[in-house]
> 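Submitted below is the structure of interest, expressed as structure tokens.
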Amino acid sequence: MKTKIVLGLGYGDEGKGLTTDFLCQQSQQPLVIRFSGGHQAGHTVVTEEGERHVFSSFGAGSLRGIPTYWSSFCTLSPINYLNEWLALEALGHTPTLFVDALAPVTTPYDVFFNRSTEKKNQHGSCGLGFGATIARQLTPYKLYAQDLRYPVVVEQKLKAIAQFYRNLGQDYFTDDAFLAQLELFQQAAADITDTFTLVYEKSFFSDIKAPYSDLIFEGSQGILLDMDFGFFPNVTHASTTSRNAFSLITRNRLSMPEIFYITRAYQTRHGNGFLSNEQFPLHYAPNPQETNKYNPWQGHQRCSILDLDMINYALACDDNFSGKSKKHLVVTCLDQLEGPIQASKDGIIQHFASSMDLVEHLNISFASVLESWSECGAKMRTHHLSY
């Protein structure tokens, strides 16, 4: 059994869905494992036939019938999950999902608290309650995926969670909009329990080794948003490095993984916070179907030319966990550039004829460079390198 990890080197939107889909195509019987973030991540997949979906509550191999393991590192939002399940069903897909019993559950209390504080702090949150859920789960006021099978348990825990947020000075609990979401949450929580298989990590991994040839660990967001290595306070409340993946790999005695590090041919960031090189002109044609469009919580997506120092920093952050893993570089969205790749190194702008030229300025050795000129992973091209 092979293991592979997909990671973004920036602030998200690098092409993790595309790369996961591509790796699924290269495997005989893969399983996708989500190991960070949760329902707030949006991973776009476009098939060769032009079918398109943005995955948030399922792995990015689901259009190809590839099952997903939703680990305890990932949040589960019943409302978002149900909406996406119905959308996939309308496309003719019935996704297979294994949900860890201890996956944290996002409630409307978390979402409304997130949006209330974001109005004041403007940290760049997407307003889906992810960070609030993770913070609450660090307190005694927990809600797990396994609890959704017991309506009485959900009801009692929701009362406790309401009190938790009252203690934080929140007073939106009688608003019509909130009450409508709470009712929708309770109905969705009851509706979704038959659509996934509840599993326990230790027994799940001990049982899966026979049927699957490849375990593809699909990361979320990007290393520059990592809660330990990003630029506080504009970070996510998650480990976006390979830390969580290696935790699962080590304690379940899986094989040493290959890692696929992804960057667009330019930088992007959705939300407030540091983004280098915005002072330089970026000559590119934006994708008209860009997934991360304007929303009231993050604003517009920001773009700038690549920064090789930031890529090296992200690689150095992950090197704390990745060790001697075989590494690959993936460069996406090359078709959007109007000219050669532009990138800064030590503050000096340079031009590169190809993605392979970038590797000479990066501080680790790669086994290959993969390039993509479209959203469709089937059109990726691989260049093999020597260490």
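In what follows, every heavy atom counts, from backbone to side chain, and hydrogens, waters and symmetry copies are set aside.
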> When clusters are formed by joining ILVMFWY residues with side-chain heavy atoms under 4.5 Å apart, either directly or through shared neighbours, do Leu76 and Val153 land in the same one?
no

> Would a hydrophobic clustering, with Ile, Leu, Val, Met, Phe, Trp and Tyr connected at side-chain separations under 4.5 Å, put Leu198 with Leu97?
yes

> Any chance CZ of Phe280 has more than 12 other-residue heavy atoms, nucleotides or ligands included, within less than 6.0 Å?
yes

> Side chains of Cys317 and Asp226: does their closest heavy-atom pair fall under 4.5 Å?
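A side-chain contact is absent here, since even the closest heavy-atom pair is not under 4.5 Å.
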
> Hey, are His93 and Glu51 close enough side-chain-wise for a donor-acceptor pair under 3.5 Å?
yes

> With a 6.0 Å cut-off (strictly less than), is the heavy-atom count around CD of Glu183, excluding the residue itself, greater than 12?
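Atom CD in Glu183 is not packed in, count stays at 12 or less.
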
> Quick check on Asn167: does its CG atom have over 12 non-hydrogen neighbours (other residues, nucleotides or ligands) under 6.0 Å away?
yes

> Side-chain heavy atoms nearer than 4.5 Å, only ILVMFWY residues, links allowed to pass through others: does that put Tyr141 and Tyr150 together?
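Tyr141 does not cluster with Tyr150.
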
> Look at the rings of Tyr69 and Phe204 and say which category their plane angle falls in: under 30° parallel, 30 to 60° tilted, over 60° perpendicular.
parallel

> Angle between ring planes, Phe366 versus Tyr261, binned at 30° and 60°: parallel, tilted or perpendicular?
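Answer is perpendicular, since the angle exceeds 60°.
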
> Between Leu102 and Leu143, is there shared hydrophobic-cluster membership here, with clusters defined by ILVMFWY side-chain heavy atoms closer than 4.5 Å?
no

> When you compare the side chains of Gln267 and Ser304, does any donor N or O come within less than 3.5 Å of an acceptor on the partner?
yes

> Other residues, nucleotides and ligands only: do more than 12 of their heavy atoms fall within 6.0 Å of NZ on Lys157?
yes

> So which heavy atom on Ala132 is nearest to which on Phe113, and how close?
CB-CD2, 3.9 Å

> Between Gln187 and Asp191, does any side-chain donor sit less than 3.5 Å from a side-chain acceptor?
yes

> Taking all heavy atoms of Leu334 and all of Ser355, pick out the closest pair and write down the distance.
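So the two residues come closest at CD1-OG, 3.7 Å.
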
> Would you indicate whether the side-chain heavy atoms of Gln137 and Tyr144 approach each other to under 4.5 Å?
yes

> Do you see a donor-acceptor pair shorter than 3.5 Å between the side chains of His53 and Glu84?
yes

> Salt bridge (charged side-chain N to carboxylate O under 4.0 Å, His left out) with Asp110: which residues, sequence neighbours excluded?
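For Asp110, the residues satisfying salt bridge (charged side-chain N to carboxylate O under 4.0 Å, His left out) (neighbours in sequence not counted) are Arg136.
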
> Of the non-hydrogen atoms in Glu371 and His383, which two are nearest, and what is the gap between them?
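For Glu371 versus His383, the nearest heavy atoms are OE1-NE2, 2.8 Å.
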
> Would you please name every residue forming a salt bridge (charged side-chain N to carboxylate O under 4.0 Å, His left out) with Asp309, sequence neighbours left out?
Lys345

> Answer with yes or no whether the side chains of Arg243 and Ser247 bring together a donor and an acceptor at under 3.5 Å.
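Checked: Ser247/Arg243 side chains show no N/O donor-acceptor pair below 3.5 Å.
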
> Do Thr106 and Ser77 have side-chain N/O donor and acceptor atoms under 3.5 Å apart?
no

> Within the 3.5 Å criterion, strictly below it, is a donor on Ser242 or Asp318 matched to an acceptor on the partner's side chain?
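Result is yes, a qualifying pair exists.
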
> Regarding Gln221 and Thr240, is there a side-chain donor-to-acceptor distance under 3.5 Å anywhere?
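Not at all, the side chains of Gln221 and Thr240 share no donor-acceptor pair under 3.5 Å.
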
> Would you say the side chains of Ser36 and Ser220 form a donor-acceptor pair under 3.5 Å?
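Yes, Ser220 and Ser36 have a side-chain donor paired with an acceptor closer than 3.5 Å.
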
> Would a hydrophobic clustering, with Ile, Leu, Val, Met, Phe, Trp and Tyr connected at side-chain separations under 4.5 Å, put Leu88 with Leu82?
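Leu88 clusters together with Leu82.
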
> Do we see a donor-acceptor contact under 3.5 Å between the side chains of His39 and Ser57?
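No, because no side-chain N or O of His39 sits under 3.5 Å from a partner of the opposite role on Ser57.
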
> Apply the test side-chain contact (heavy atoms from CB on, under 4.5 Å) to residues Phe178 and Tyr109: give CA-CA distance (whole Å), side-chain angles for both, the deciding distance (0.1 Å), then the verdict.
CA-CA 8 Å; Phe178 172 79; Tyr109 293 101; 3.2 Å; yes

> Is the number of heavy atoms from other residues, nucleotides or ligands within 6.0 Å of CZ (Phe231) greater than 12?
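Yes, the 6.0 Å shell around CZ holds more than 12 heavy atoms from other groups.
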
